[in-house]
Amino acid sequence: MDSLVELETTEKELLTAQRSRLYYLSTNRKTPFVELYASSVLSACCAEMFCYPLDVLKTRMQIQGEIASKTYSNIKYSGMFGTARAIIREEGLHKLYGGISAMLLRHAIYTGLKMYLYDTLREALILDQDGKQKLTFLRGAICGIVAGAGATLLTSPTDLIKVQMQMESKRLLMGEPPRIHNVYQALTSIYKAGGIVALWKGTVPNAWRSGLVTLGDVSFYDLSKRQLMDILNMPDNLLIQFLGAMIAGLAGAVLSTPADVVKSRMMNQPVDKAGRGLHYRGTMNCFTKLVQQEGFLAMYKGFLPYWLRVGPWALIFWLSFEQIRSLHGDAGY
């Protein structure tokens, strides 16, 4: 009788330990750098091919209302679908992919580096004081924010070029001189105009935004997937990954839209001969003017296309990423 009770107790302990591992452990082994980097970049590019037009719509909607700029003061976009119709009618369907070369270049550096930094930080912070493996929300949040902001410090120039390329066709329609022809020309012309500092214009709000996006689309995915597996008592399968990606997309959009609006304004503003912005002195000045002149809700300009972009993007990215991992025989991330 005692042995039967002991056996049942042991089974319960094993089940509890198994569920604990299911919730807390991130992977069975640390993914090699090249494999993690290549899988991240490939998955990001797959997601971008489907979702990039929404980024163009989001940027156009965020920059309209910039009343300090004569160049953009008469742009009138009415909602996401109205913006899409206006771009297609005035500039052509292909302009919905304007600047995608800069975006793909950014992913080739940023996304792989971001995932590597997150993975490395997570491995360092996952051990609890008693030696058990446990990934808490705070630790996951720290990993996401540091990884996103850190990767952006190196890749911010590609984001700067992408934003300006997205607005270039509109400038031409309004009689403004061309500013950008291709990625290389953009890099060299920005550098000649303002030096190395000009290439990192808007880096502070961009790093702020990227840290919050990574908190949403990586940390929330990682943590919510563990929670879902524990609550639903399910293994790491396609349903868990789908639900985790949907939560991650929503969290990323809500957390980062204000910073994304400020980043777009800072990166798109014209500069004087010394490379100083003509509209905003800095991040806080841009944020203050945005709220004072356009209202509190201006911080969420372009939220719908941004959410519709981030949500499907996270879904395609994570499902692609997980499938690539499974092809290599790796456990779920």
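Numbers for residues simply follow the sequence, beginning at 1.
Residues Leu96 and Leu57 meet the side-chain proximity criterion, which asks for heavy atoms closer than 4.5 Å. Taking 4.5 Å as the limit, every side-chain heavy atom of Lys95 sits out of range of all side-chain heavy atoms of Val56. Considering only heavy atoms from C-beta on, Met49 stays 4.5 Å or farther from Tyr52 through its side chain. Using a 4.5 Å cut-off on side-chain heavy atoms (C-beta onward), Glu294 and Lys289 make no contact. In this structure the side chain of Leu308 reaches within 4.5 angstrom of the side chain of Met80, judged on heavy atoms. Side-chain contact check for Tyr280 versus Leu290: every heavy-atom pair is 4.5 Å or farther apart. Taking 4.5 Å as the limit, some side-chain heavy atom of Met234 sits within range of a side-chain heavy atom of Leu239. Between Thr214 and Ile145 the shortest side-chain heavy-atom distance does not fall below 4.5 Å.
Summarising the geometry of Trp200 relative to Leu153, their closest heavy-atom pair is NE1-O, 2.6 Å, with the distance given to 0.1 Å. In this structure, Ser320 and Cys46 approach most closely via the heavy-atom pair OG-CB, 4.4 Å. Shortest non-hydrogen contact noted between Ser156 and Thr203 is OG-OG1, 3.2 Å. The shortest heavy-atom contact between Leu187 and Leu199 is O-CD2, 3.7 Å. Minimum heavy-atom separation, Met266 to Pro205: CG-CG, 4.2 Å. When all heavy atoms of Phe50 and Ile316 are compared, the closest pair comes out as CB-CD1, 3.8 Å.
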Audit row: Asp55, Lys162, side chain to side chain contact (heavy atoms under 4.5 Å, CB included) steps and yes/no: CA-CA 10 Å; Asp55 191 73; Lys162 184 261 298 182; 3.0 Å; yes
Working for side chain to side chain contact (heavy atoms under 4.5 Å, CB included), residues His279 and Arg265: CA-CA 9 Å; His279 300 156; Arg265 297 286 182 93; over 6 Å; no
Intermediate values then yes/no, side chain to side chain contact (heavy atoms under 4.5 Å, CB included), Ile142 and Leu121: CA-CA 9 Å; Ile142 291 172; Leu121 288 169; over 6 Å; no
Residues Met103, Ile161; criterion side chain to side chain contact (heavy atoms under 4.5 Å, CB included); working and verdict: CA-CA 9 Å; Met103 178 64 89; Ile161 295 167; over 6 Å; no
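Taking CE of Met246 as the reference point, atom CG of Leu315 lies at 6.5 Å (rounded to 0.5 Å). Atom CG of Leu125 sits about 8.5 Å away from atom OG1 of Thr136, to the nearest 0.5 Å. Here the CZ atom belonging to Arg106 is positioned 12.0 Å from the CG atom belonging to Leu154, to the nearest 0.5 angstrom. Between the CD1 atom in Ile240 and the CZ atom in Arg226 there is a gap of 9.5 Å [rounded to 0.5 Å]. The CZ atom of Phe242 sits 14.0 Å away from the CD atom of Glu322 when rounded to the nearest 0.5 Å. For the atom pair Arg325 CZ and Asp330 CG, the distance stands at 4.5 Å (nearest 0.5 Å).
A side-chain hydrogen bond (donor to acceptor under 3.5 Å, both in side chains) with Asn206 is found for one member of Thr155, Thr152, Asp159 and no other, namely Asp159. Each of Asp260, Val262, Val261 was scored for a side-chain contact (heavy atoms from CB on, under 4.5 Å) with Arg209, with one residue passing: Asp260.
Through chains of ILVMFWY side-chain contacts below 4.5 Å, Leu42 is grouped with Ile324.
No side-chain donor from either of Tyr333 and Asp236 sits under 3.5 Å from a side-chain acceptor of the other.
Residues Val218 and Leu36 share a hydrophobic cluster, clusters being chains of Ile/Leu/Val/Met/Phe/Trp/Tyr side chains in contact below 4.5 Å. In the hydrophobic clustering of ILVMFWY residues, with side-chain heavy atoms under 4.5 Å counting as a link, Ile247 and Met229 come out together.
Here the side chain of Thr257 pairs no donor or acceptor atom with the backbone of Val254 at under 3.5 angstrom. In terms of modelled atom types and a separation under 3.5 Å, the side chain of Ser210 and the main chain of Ala207 share no donor-acceptor contact. In this structure, Tyr116 contributes its side chain and Ala147 its backbone to no donor-acceptor pair below 3.5 Å. Side-chain atoms of Gln241 never come within 3.5 Å of backbone atoms of Trp318 as a donor-acceptor pair (strictly under, hydrogens ignored). Formation of a donor-acceptor pair under 3.5 Å by the Ser219 side chain with backbone atoms of Gly216 is not found in this model.
Counting non-hydrogen atoms of other residues, nucleotides and ligands closer than 6.0 Å to CZ of Phe33 gives a total above 12. No more than 12 heavy atoms of other residues, nucleotides or ligands shown are found within 6.0 angstrom of CH2 on Trp307.
Screening residues 142-153 for salt bridge (charged side-chain N to carboxylate O under 4.0 Å, His left out), with sequence neighbours left out, gives no hits. The side-chain hydrogen bond (donor to acceptor under 3.5 Å, both in side chains) contacts involving residues 36-46 comprise nothing, where partners must be two or more places apart or lie in separate chains.
With salt bridges taken as basic N to acidic carboxylate O contacts below 4.0 Å, one links Lys114 and Asp217.
Between Phe317 and Phe321, the angle of the ring planes stays under 30°, which puts this pair in the parallel group of the 30/60° scheme.
Remark: Arg281 is not positioned above the aromatic ring of Phe287, lacking an NZ or CZ atom under 6.0 angstrom from the ring centre and at most 45 degrees off the axis.
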